[in-house]
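In what follows, a single structure is set out as structure tokens and then discussed.
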Amino acid sequence: MAAIEIRDLHKKFRVYADQGNSLKEKMLSKKRRSYEERWVLNGISLEVEKGEAIGLVGKNGCGKSTLLKLMSRILFPESGTVKLNGRVSSLIELGAGFHPDMTGRENIYTNASIFGLTRKEIDERLQEIIDFSELEEFIDNPVRTYSSGMYMRLAFSVAIHVGADILLIDEILAVGDAAFQAKCFERLMEIKAEGTTIVIVSHSMAQLERICDRTVWIEGGKIRMEGAPNEVNPKYLEYMGQRRQLSAAKNAKKEQTDAELSEETPAKWTDICLVNEQGERVEKFATGDTITLQLTYQADTANAEEALIGLALYRADKALCYGTNTQREHLQPIVLKEKGVVRCKFAPMNLVAGTYWFDVALRRMDMFAYDYAAQAVRFAVYDPIDETGVTRLDHTWSFDDTAE
Amino acid sequence: MRLIRELVQYREMIASFVRKDLKGRYKGSVLGFLWTFINPLLQLLVYTMVFSVILKSSIENYYMHLFVALVPWIFFASSLTTGSHLILDQKNMIKKIYFPREVLPVAYTTSSFCNMLFSFIIVFAVIATMRLGVSWAALPWLIPVMAIQYILVLGMNFITSSVTVYCRDLEHIMGVLSMAWMYLSPVVYGVQFIPEGWDKFYMYNPMAPIILAYRDILYYKTAPNLGQLGQAFLISLGVLLVGVLVFEKLQKRFAEVL
């Protein structure tokens with residue numbers, strides 16, 4: 001028996017031009033009640049086996065979150081059926097039902113009861129929940145005194161300990177600090193190994209690839225493609241990349257205007273982009289492609305001194321992958337021109353699949369920043385072969401017929 | 001069937017909501033939980049002033065005649081007024097998380113019911129201090145009467161709370177309706193004031209036999225009129241059934257409309 005069976009699901013929303021909920025508004029202006037019907041799901045069928053983990057991807061508004069809400073029974077479909085076999089826990093809105101004036105411990109009871117646990121079941125899990133949340137010393141303080149990180153940790157901890165057979169997750173792995181995120185991720189892997197079925201909506205391909213057995217790509221309320229993550233994800237990224245390049249080209253036109261320079265900031269980036277060997281802007285490419293980071297600046301030569309350029313490459317989970325600057329590499333200080341272009345070529349760019357960005361800094365030689373462009377250019381890398389880690393290391397294999 | 005199974009599974013959620021409601025109802029007020037007792041007493045005072053001092057009602061021990069009806073009436077009226085927005089009040093939870101929506105009216109009805117039970121402590125305290133006495137033979141009838149009223153109020157809460165989500169005016173209409181309903185029920189007056197020939201229709205209001213039953217038991221110290229009470233039971237059951245069906249139908253779009 002499949003854990004989740006979805007058959008030919010259709011869902012529409014009514015979008016009111018101007019929603020009036022009182023009788024007067026309804027009576028006085030009949031036409032205000034006019035609404036548009038928007039179909040969000042147009043016939044989705046999906047089966048998920050027990051213990052399987054699937055990832056839902058798709059651009060914003062494609063219906064993946066609606067699908068998740070239908071699975072969790074917050075919404076009801078127009079037609080079609082959703083069947084879930086087993087207890088469901090959703091990590092869609094963490095901490096819904098938390099009461100700020102009650103203590104952490106009391107909130108554990110209330111929150112777990114909303115997941116359908118009995119008092120006895122909660123008693124059994126209480127210590128585990130507190131331990132996982134690492135909030136032992138604060139557990140008897142009112143939740144309103146918690147930081148948002150602590151709040152999320154408690155909420156996640158409850159949701160993940162309810163002993164669900166099916167876990168529905170919407171972009172949650174942004175809980176707390178990096179260490180806690182890693183712990184949540186590990187816990188998810190454990191839960192999966194124990195046979196829990198997991199459905200995740202996420203924009204992080206790296207996360208999906210690590211945890212999911214299958215990616216389902218939803219587009220316009222239908223399944224566009226499904227299959228192993230390493231097959232579907234690159235295709236999806238490629239598609240998203242094309243879309244983004246279109247919008248990037250639009251933005252580029254806008255940014256042709258001159259930068260405003262002043263005495264404090266006598267030099268500024270005016271354009272930062274990645275280009276391929278043909279000189280075309282790209283935001284998505286394959287591991288091993290030759291890629292050039294192209295930096296355009298403007299400077300007020302009267303005020304600007306000699307400068308250096310710093311790069312930092314981050315992965316989407318904020319892990320610093322690589323950082324350098326021109327000074328450390330013992331290059332000559334850069335003499336800024338009024339307008340100039342600096343190119344940094346990566347041949348080949350060997351990052352493995354994932355989403356990354358560059359921070360780019362233009363600094364005076366004493367490290368004072370003229371301009372620091374955080375997340376200046378975001379890009380996605382797909383990997384034709386399914387490597388893992390951060391970067392491909394140059395290597396060669398050799399095979400001897402016999403051992404000596 | 002699904003409904004009963006789910007409500008049993010979510011019993012801890014119901015219990016925790018009832019606790020939270022009873023504790024939180026008067027949170028932040030100086031007298032706190034005492035308001036559960038003070039509120040009906042103050043209402044009792046007002047009505048007694050009007051009907052026994054100003055209008056000079058001929059009923060003996062008018063305040064007691066009124067009090068045993070007023071306490072159950074407040075339970076019923078609360079379902080019409082505050083009960084109508086019990087779903088609206090939990091908007092955030094309904095939009096964000098799944099739980100059987102029926103939990104909310106059940107929990108609300110139960111906590112108001114508990115409030116009525118607490119108020120009855122005062123009723124008995126007054127009976128004791130004024131040496132009015134009780135009939136031990138009649139007293140056990142309170143249990144089925146309360147059960148019937150619980151069924152009725154639960155049914156009303158299912159209807160009003162779910163309809164209010166789609167038509168917010170209902171909660172305002174309810175204020176007037178509950179006032180009219182009170183005068184159509186024998187709360188401030190006795191059944192002897194109902195004009196001849198009207199009593200047949202009068203008794204279709206399930207609250208009429210229920211209140212008369214409370215009064216029979218606690219004021220007249222006799223067993224209630226079983227024929228009338230049976231009719232009230234059937235009507236209440238009907239209201240609950242309609243309530244469950246209406247709620248079941250309307251709850252599907254709660255998350256979208258809220």
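Per chain, numbering begins at 1; letters A, B, ... match sequence-line order.
- Only the backbone of K95(B) comes within less than 4.5 Å of a heavy atom in chain A; its side chain stays farther off.
- Proximity to chain A (any heavy atom under 4.5 Å) is shown, for Q90(B), by neither the backbone nor the side chain.
- Remark: Y10(B) OH to L117(A) CG distance equals 9.0 Å, nearest 0.5 Å.
- Listed by sequence position, I122(A) are the residues of residues 120-132 of chain A in contact with chain B, using a 4.5 angstrom heavy-atom cutoff.
- Scanning all heavy atoms of the two residues, the minimum distance from I97(B) to I74(A) falls at N-CD1, 3.6 Å.
- With a 6.0 Å radius and a threshold of 12 heavy atoms from other residues, nucleotides or ligands, R38(A) has its CZ atom at or below the threshold.
- Heavy-atom neighbours of F124(B) CZ from other residues, nucleotides or ligands within 6.0 Å: above the threshold of 12.
- Heavy atoms of other residues, nucleotides or ligands lying less than 6.0 angstrom from NZ of K192(A) number more than 12.
- Between S113(A) atom OG and F99(B) atom CZ the span is 10.0 Å, to the nearest 0.5 Å.
- Closest approach of R101(B) and R73(A) over heavy atoms only: NH2-O, 4.4 Å.
- Put simply, the side chain of Q9(B) gets close to the backbone of G116(A): a donor and an acceptor are under 3.5 Å apart.
- With a 6.0 Å radius and a threshold of 12 heavy atoms from other residues, nucleotides or ligands, K69(A) has its NZ atom at or below the threshold.
- Residues from residues 239-254 of chain B that place a non-hydrogen atom less than 4.5 Å from a non-hydrogen atom of chain A comprise Q251(B), K252(B), R253(B), given in numerical order.
- Between L75(A) and E256(B) there is a side-chain heavy-atom pair separated by less than 4.5 Å.
- Proximity to chain A is limited to the backbone of I94(B), based on heavy atoms less than 4.5 angstrom apart.
- With values rounded to the nearest 0.5 angstrom, E12(B) atom CD is found 7.5 Å from T118(A) atom OG1.
- Below 4.5 Å, heavy atoms of chain A meet no heavy atom from residues 142-149 of chain B.
- Residues satisfying the ring-ring contact (aromatic ring centres under 6.0 Å, His included) criterion with Y150(B), sequence neighbours excluded, are F113(B).
- Here the CE atom belonging to M102(A) is positioned 7.0 Å from the OG atom belonging to S16(B), to the nearest 0.5 angstrom.
- One finds the OH atom of Y98(B) at 12.5 Å from the CG atom of L168(A) (value rounded to the nearest 0.5 Å).
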